[in-house]
Protein chains: 2
Amino acid sequence: MRSRVTILDVAAEAQVSIASVSAALNDRPGVSTETRARILAVADRLGWVPSLRGRSLSGKRAYAVGLVLERATTVLESDPFFAAFIAGVESVLERRGYALVLQMAGTHKAATERYRRMALDHRVDGVFLTDMAATDPRVPLLRDLGLPAVAVNSDPGCELPSVRQDHLPGLRSLVEQVVALGHSDVAHLAGRRGLIHTRQRLAVWRSVLVDAGLRPGPVVYGDFSTESGSRAAPRLLAGPTPPSAVVCASDLMAVGLVSGAGALGLDVPSDLSVTGFDGIEIGGFLRPSLTTVATAPRRLGAAAAETLLRLLDGDRVEDVEIEATTPVLRGSLVAPRPTRSVPPRNV
Amino acid sequence: MRSRVTILDVAAEAQVSIASVSAALNDRPGVSTETRARILAVADRLGWVPSLRGRSLSGKRAYAVGLVLERATTVLESDPFFAAFIAGVESVLERRGYALVLQMAGTHKAATERYRRMALDHRVDGVFLTDMAATDPRVPLLRDLGLPAVAVNSDPGCELPSVRQDHLPGLRSLVEQVVALGHSDVAHLAGRRGLIHTRQRLAVWRSVLVDAGLRPGPVVYGDFSTESGSRAAPRLLAGPTPPSAVVCASDLMAVGLVSGAGALGLDVPSDLSVTGFDGIEIGGFLRPSLTTVATAPRRLGAAAAETLLRLLDGDRVEDVEIEATTPVLRGSLVAPRPTRSVPPRNV
DNA sequence: TTGAAAGCGGTACCAA
DNA sequence: TTGGTACCGCTTTCAA
């Protein structure tokens with residue numbers, strides 16, 4: 001683990017001062033073209049790579065950004081957003097020589113502490129905020145800490161620079177499709193309480209139904225996990241007049257709900273239509289295949305990283321909005337069976 | 001972003017030298033008990049957190065370790081190992097004040113380059129190696145770079161310190177169960193060629209069948225993705241005498257295979273039994289529920305992190321083996337239908 | 001037990 | 001265009 005070669009070695013070998021080496025490497029003015037060429041050649045020959053440690057201490061930059069994932073481990077393990085988002089972030093960071101520091105926290109409190117430490121010990125230059133809550137305590141925290149941050153899918157009024165993908169169009173169009181098929185009793189399996197997108201999705205679901213002159217069906221909150229979807233089934237479907245369709249706030253919950261419905265003797269889609277949200281790959285391979293709303297976490301990650309880097313560069317940044325979500329109609333959504341309790345008119 | 005408070009402030013406030021502050025904070029001898037207490041009290045009052053930058057430069061430690069994930073983005077997005085492994089790693093790192101630097105690479109070559117850079121610019125003190133190939137070029141690379149590393153599920157002969165979870169017991173027991181149910185024509189949907197665990201799983205599948213006096217069925221290689229499982233269906237099942245059971249090297253491929261079989265008019269489990277590997281949560285909620293082998297990526301991650309930290313501390317480390325995998329028998333595996341081509345003896 | 005001072009590997013200012 | 005040099009914030013000798 002000897003990295004014997006430092007800027008001093010390069011300077012000596014090229015017979016210049018370290019100041020010149022630094023300037024040459026960083027493409028700063030003040031070095032003649034030929035000196036610069038000589039220095040770079042020597043650096044290359046010696047295999048010199050500037051040490052991040054020295055550079056960080058001196059330059060006041062960690063060349064790293066942070067992401068704290070805050071959710072229960074079990075949920076996280078199958079989370080569809082996570083990996084794709086990070087892949088998008090990484091694709092941008094890599095080109096700029098930045099690294100991603102990933103941390104996980106099981107609780108709100110733990111996550112707060114991780115952010116605080118990352119800022120205090122200067123491990124990162126900025127962070128991403130995902131899973132935004134309506135009144136998110138991390139926003140004032142980061143302001144106090146002076147740590148640059150980019151919020152992902154935050155509320156429009158959020159004071160932080162934000163990147164967003166509009167959930168509404170895809171979901172709205174999906175629920176409209178549900179209504180168009182003839183469903184009049186449509187329930188909602190919502191996400192975790194308090195999260196912004198949980199509210200957004202609930203609001204859209206409700207508004208489409210109301211606009212269609214229908215009464216919104218029951219709402220049950222889950223936590224995005226398959227397990228929570230399964231658990232929600234009895235509460236959602238056990239009544240005397242169960243809904244004919246359930247719009248779920250995540251694909252995993254939708255899968256769980258299908259499973260839970262099956263345990264109650266209800267078949268999807270013949271007895272019940274179910275839709276998800278996220279567009280996880282596996283949804284297309286299930287039986288029935290899962291109707292859902294396709295999201296683009298990878299592009300969101302890339303946009304978030306670009307915004308954060310721009311912020312760190314001191315550029316003015318504006319909120320970014322990537323293309324909206326789109327509905328994906330598949331087998332788990334069909335027209336409802338004719339209701340038996342309401343006899344046909346022409347009898 | 002002013003962290004005005006440095007070791008100098010603490011030293012001044014406590015009226016001691018910075019050397020004493022450093023010694024006190026790091027629990028080193030050479031400071032009297034009362035001086036130490038006073039220093040710590042002042043540090044606490046001032047809210048001083050030692051800067052990683054100064055510490056790293058001086059102490060020759062980055063207090064970070066790296067993980068380069070090397071797989072196609074699409075596969076990664078639904079990878080069941082990934083998130084859980086990282087969660088396990090993080091749970092250990094966090095307690096020691098270490099951070100995880102996560103990088104992604106789409107190709108072998110890109111991954112190699114990321115490892116090289118991480119070592120050369122001293123961003124991390126050590127790395128994890130996952131998805132070990134039989135002759136893994138990263139092993140000599142890291143040796144040359146002098147970067148400490150821990151291998152995950154490597155070959156027994158691997159020169160690197162390793163943590164492993166034995167795949168064999170769970171899979172062996174599962175295949176035995178398949179045979180015991182009466183399947184005599186059992187195929188295998190293997191993982192990516194060249195990976196160590198792909199070979200291991202293939203070998204176990206084969207040996208159980210051979211030991212039972214059966215001829216191993218066809219083998220098709222996939223890439224662990226759902227999509228690849230679906231694509232494998234025709235090759236695996238389209239022959240004149242399709243197998244009655246397929247043992248898959250991953251749950252996602254198993255799900256894809258079930259889907260692909262359905263497209264060929266084959267129902268699981270009535271026409272075909274399918275088993276997976278990994279034990280992803282969603283498997284228990286599918287129809288039919290997925291028979292699989294449960295793995296423990298989280299504990300593997302924790303063990304890997306502990307081993308790596310020990311290695312960085314200069315301690316002697318021995319390979320770690322966590323508890324073996326276990327089979328999980330569920331609905332996708334049933335006894336084969338009586339073969340029609342072989343008439344019952346008692347006719 | 002304490003403190004002064006020399007690094008660690010860069011960046012950047014200021015003279016020459 | 002160059003080189004000398006003072007930091008950046010901490011760790012770690014080595015004297016006092």
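Residue numbers start from 1 in every chain, and the chains themselves are labelled A, B, ... in the order their sequence lines are given, proteins ahead of strands.
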S.K.: Think A:Arg138 forms a cation-pi with A:Tyr115, using NZ or CZ under 6.0 Å from the six-ring centre and within 45 degrees of its axis?
M.R.: no
S.K.: Which nucleotide, C:dG9, D:dC10, C:dT11, lies nearest any side-chain atom of A:Ser51?
M.R.: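 Among the listed nucleotides, the one closest to the side chain of A:Ser51 is C:dG9.
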S.K.: Check whether any side-chain heavy atom of B:Leu160 sits under 4.5 Å from a side-chain heavy atom of B:Arg143, and report yes or no.
M.R.: no
S.K.: If I take atom NE2 in residue A:His122 and atom P in nucleotide D:dC8, what distance separates them, rounded to the nearest angstrom?
M.R.: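 It works out to 13 Å between those atoms.
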S.K.: Under 4.0 Å between a side-chain nitrogen and a carboxylate oxygen: does that hold for B:Arg164 and B:Asp155?
M.R.: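 Here B:Arg164 does not pair with B:Asp155 in a salt bridge, since their nearest N and O are not under 4.0 Å apart.
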S.K.: Given that A:Gly54 and B:Val16 both sit by DNA chain C, which one's nearest nucleotide is further toward the 5' end?
M.R.: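 The 5'-side residue here is B:Val16.
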S.K.: Find the distance A:Leu25:CG to C:dT11:P and express it as a whole number of Å.
M.R.: 7 Å
S.K.: Please confirm whether any donor atom in the side chain of A:Ser58 sits under 3.5 Å from an acceptor in the base of C:dG10, or the reverse.
M.R.: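 Such a pair exists between side chain and base.
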S.K.: Given atom CG of B:Leu57 and atom P of D:dC10, what is their separation to the nearest angstrom?
M.R.: 12 Å
S.K.: Base, sugar-phosphate, or nothing: which does A:Ile18 touch, judged by heavy atoms less than 4.0 Å apart?
M.R.: base
S.K.: Do A:Met118 and A:Leu145 touch side chain to side chain, with heavy atoms closer than 4.5 Å?
M.R.: no
S.K.: For B:Glu323, does the CD atom have more than 12 heavy-atom neighbours from other residues, nucleotides or ligands under 6.0 Å away?
M.R.: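 Buried by this count: over 12 neighbours within 6.0 Å.
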S.K.: Just how far, in rounded Å, is C1' of C:dG10 from CG of A:Leu8?
M.R.: 9 Å
S.K.: May I have the distance from B:Ile7 (atom CD1) to C:dG3 (atom C1'), rounded to whole angstrom?
M.R.: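 Taking atom C1' of C:dG3 as the reference, CD1 of B:Ile7 is at 13 Å.
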S.K.: Counting only side-chain heavy atoms from C-beta out, which of C:dA12, C:dC8, D:dC10 sits nearest to B:Arg55?
M.R.: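 So the side chain of B:Arg55 is nearest to D:dC10.
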S.K.: When you measure from the side-chain N and O atoms of A:Arg53 to the phosphate of C:dG10, is any distance below 4.0 Å, counting only OP1 and OP2?
M.R.: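 Looking at the OP1 and OP2 atoms of C:dG10, neither is under 4.0 Å from any side-chain N or O of A:Arg53.
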S.K.: So is A:Arg55 actually on top of A:Tyr63's ring, under 6.0 Å and inside 45° of the axis?
M.R.: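 Yes; both conditions hold, so A:Arg55 lies above the ring face of A:Tyr63.
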S.K.: In whole Å, I'd like the distance from the NZ atom of A:Lys60 to the C1' atom of C:dA12.
M.R.: 12 Å
S.K.: Return the value, rounded to whole Å, for the distance between atom CZ of A:Arg61 and atom C1' of D:dC7.
M.R.: 19 Å
S.K.: Round to a whole Å and report the spacing from CG of A:Leu52 to C1' of C:dT11.
M.R.: 14 Å
S.K.: Side-chain N or O of B:Ser22 versus OP1/OP2 of D:dT11: is the shortest distance under 4.0 Å?
M.R.: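 Answer is yes, contact under 4.0 Å.
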S.K.: More than 12 non-hydrogen atoms from neighbouring residues, nucleotides or ligands closer than 6.0 Å to CD on A:Glu321, yes or no?
M.R.: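 Counting other residues, nucleotides and ligands, CD of A:Glu321 exceeds 12 neighbours.
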S.K.: Counting only heavy atoms not in A:Arg38, do more than 12 sit closer than 6.0 Å to its CZ atom?
M.R.: yes
S.K.: Hey, does the side chain of B:Ser17 come within less than 4.0 Å of C:dG3's phosphate (OP1/OP2), counting only N and O?
M.R.: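 Yes, because at least one side-chain N or O of B:Ser17 sits under 4.0 Å from OP1 or OP2 of C:dG3.
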S.K.: So which one's nearest nucleotide on DNA chain C is more toward 5', B:Ala19 or A:Asn26?
M.R.: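 Its nucleotide being nearer the 5' end, the pick is B:Ala19.
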S.K.: Could you check whether A:His197 and A:Phe224 have their ring centres less than 6.0 Å apart?
M.R.: yes
S.K.: Heavy atom of residues 29-42 of chain A under 4.0 Å from DNA chain D: which residues?
M.R.: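 The stretch gives A:Gly30, A:Val31, A:Ser32, A:Thr35 as the residues lying under 4.0 Å from the strand, ordered by number.
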S.K.: Which angle, rounded to 10°, do you find between the first-five-pair axis and the last-five-pair axis of the helix from C:dT1-D:dA16 to C:dA16-D:dT1?
M.R.: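 Taking five pairs per end, the axes differ by 50°.
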S.K.: I'd like to know whether A:Ser22 forms a side-chain contact (heavy atoms from CB on, under 4.5 Å) with A:Arg28, so could you lay out the CA-CA distance, the side-chain angles of the two residues, the decisive distance to 0.1 Å, and finally the verdict.
M.R.: CA-CA 8 Å; A:Ser22 177; A:Arg28 264 178 290 145; 2.7 Å; yes
